[in-house]
S.K.: 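A single structure is presented below for examination.
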Amino acid sequence: MTTRVTTSRAQRASLVRAAIALQAVTIFLQAVSAGLLLTSAYGETLHSVGARVMYGASMLYLLVALLAWKPGGGPVRPVWYASGFLALASAQVVLGIAHVPSLHLPLGVLMFGLSLLALVRPQEREAGRPDHAGVPTITG
């Protein structure tokens, strides 16, 4: 039974990481489509569709983090991170619709950087305990 619980926690953690990776990829594709926005006729459509996909990825990240936390007994920290990302994504959409590139572009760069940081941070084994895989521990 212990193996099933551990495997289930590992699966939940990998689902959260997959949601973060999806979010990071969609934010990167938004930067690519922003470049196309400046150089092609279809760039605006692509950037608009990409904004909806990025926002959906942020909502998916929050949903996965909530499901990993509440029913599964996982850590609450990813829920806070996902909530913050959804708030940033909401601000990003509002700034984009309002055509405020002086804030829209830096916020996009910030979101991409934070997504990468969330992706590479150590996973958590239990609530409040980071996973120190590969680090020798001294027990007394």
Side-chain angles (χ1 to χ4, degrees):
M1 178 147 163
T2 305
T3 305
R4 293 180 87 183
V5 172
T6 305
T7 303
S8 181
R9 283 186 183 167
Q11 288 173 344
R12 284 191 300 271
S14 63
L15 281 175
V16 170
R17 288 180 94 63
I20 296 169
L22 176 66
Q23 178 179 277
V25 166
T26 60
I27 293 171
F28 177 76
L29 291 176
Q30 277 301 93
V32 171
S33 70
L36 290 173
L37 180 73
L38 301 173
T39 60
S40 70
Y42 60 89
E44 184 176 356
T45 303
L46 198 61
H47 197 65
S48 178
V49 169
R52 288 166 175 77
V53 172
M54 183 274 303
Y55 197 77
S58 295
M59 288 191 291
L60 178 68
Y61 175 27
L62 180 59
L63 178 66
V64 169
L66 281 168
L67 291 175
W69 166 61
K70 196 60 176 167
V76 72
R77 186 176 297 165
V79 174
W80 290 112
Y81 289 164
S83 299
F85 274 114
L86 189 58
L88 289 175
S90 299
Q92 184 73 338
V93 169
V94 168
L95 291 171
I97 291 171
H99 299 289
V100 185
S102 61
L103 296 175
H104 182 72
L105 295 173
L107 183 57
V109 172
L110 175 70
M111 288 176 64
F112 182 66
L114 289 174
S115 290
L116 291 180
L117 284 174
L119 192 59
V120 300
R121 75 176 171 79
Q123 291 183 357
E124 298 181 18
R125 278 192 307 212
E126 300 171 17
R129 292 189 176 188
D131 183 13
H132 298 289
V135 178
T137 55
I138 300 172
T139 57

S.K.: If every non-hydrogen atom of A24 is compared with every non-hydrogen atom of L116, which pair is closest and at what distance?
M.R.: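 Closest approach of A24 to L116: CB-CD2, 4.5 Å.
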S.K.: Should S115 and F85 count as side-chain neighbours, where that means a heavy-atom distance under 4.5 Å?
M.R.: yes
S.K.: Could you report the tightest heavy-atom contact between A57 and Q23, atom names first, then the distance?
M.R.: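 Heavy atoms of A57 and Q23 come nearest at CB-CA, 4.0 Å.
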S.K.: Answer whether the closest heavy-atom distance between the side chains of Q30 and Q92 falls below 4.5 Å.
M.R.: no
S.K.: For a quick test of reading the model, state the closest non-hydrogen atom pair linking V79 to L66 and the distance between them.
M.R.: CG1-CD2, 3.7 Å
S.K.: Search all heavy atoms of L62 against all heavy atoms of A82 and return the closest pair with its distance.
M.R.: CA-CB, 3.5 Å
S.K.: For residues I27 and G108, report the shortest heavy-atom separation together with the two atoms involved.
M.R.: CG2-O, 3.8 Å
S.K.: Applying side chain to side chain contact (heavy atoms under 4.5 Å, CB included) between L86 and each of Y61, Y81, Y55, report the one that passes.
M.R.: Y55
S.K.: Any chance CZ of F112 has more than 12 other-residue heavy atoms, nucleotides or ligands included, within less than 6.0 Å?
M.R.: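 Yes, enclosed.
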S.K.: So H47 and H104, would you call those rings parallel, tilted or perpendicular, with 30° and 60° as cut-offs?
M.R.: perpendicular
S.K.: Mind listing the closest non-hydrogen atom pair of R121 and R17 along with its distance?
M.R.: O-NH1, 3.3 Å
S.K.: Please check this pair: side chain of R52 against backbone of S48, looking for a donor-acceptor N/O pair closer than 3.5 Å.
M.R.: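 Yes.
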S.K.: With a 4.5 Å heavy-atom cut-off, do L114 and L88 have their side chains touching?
M.R.: yes
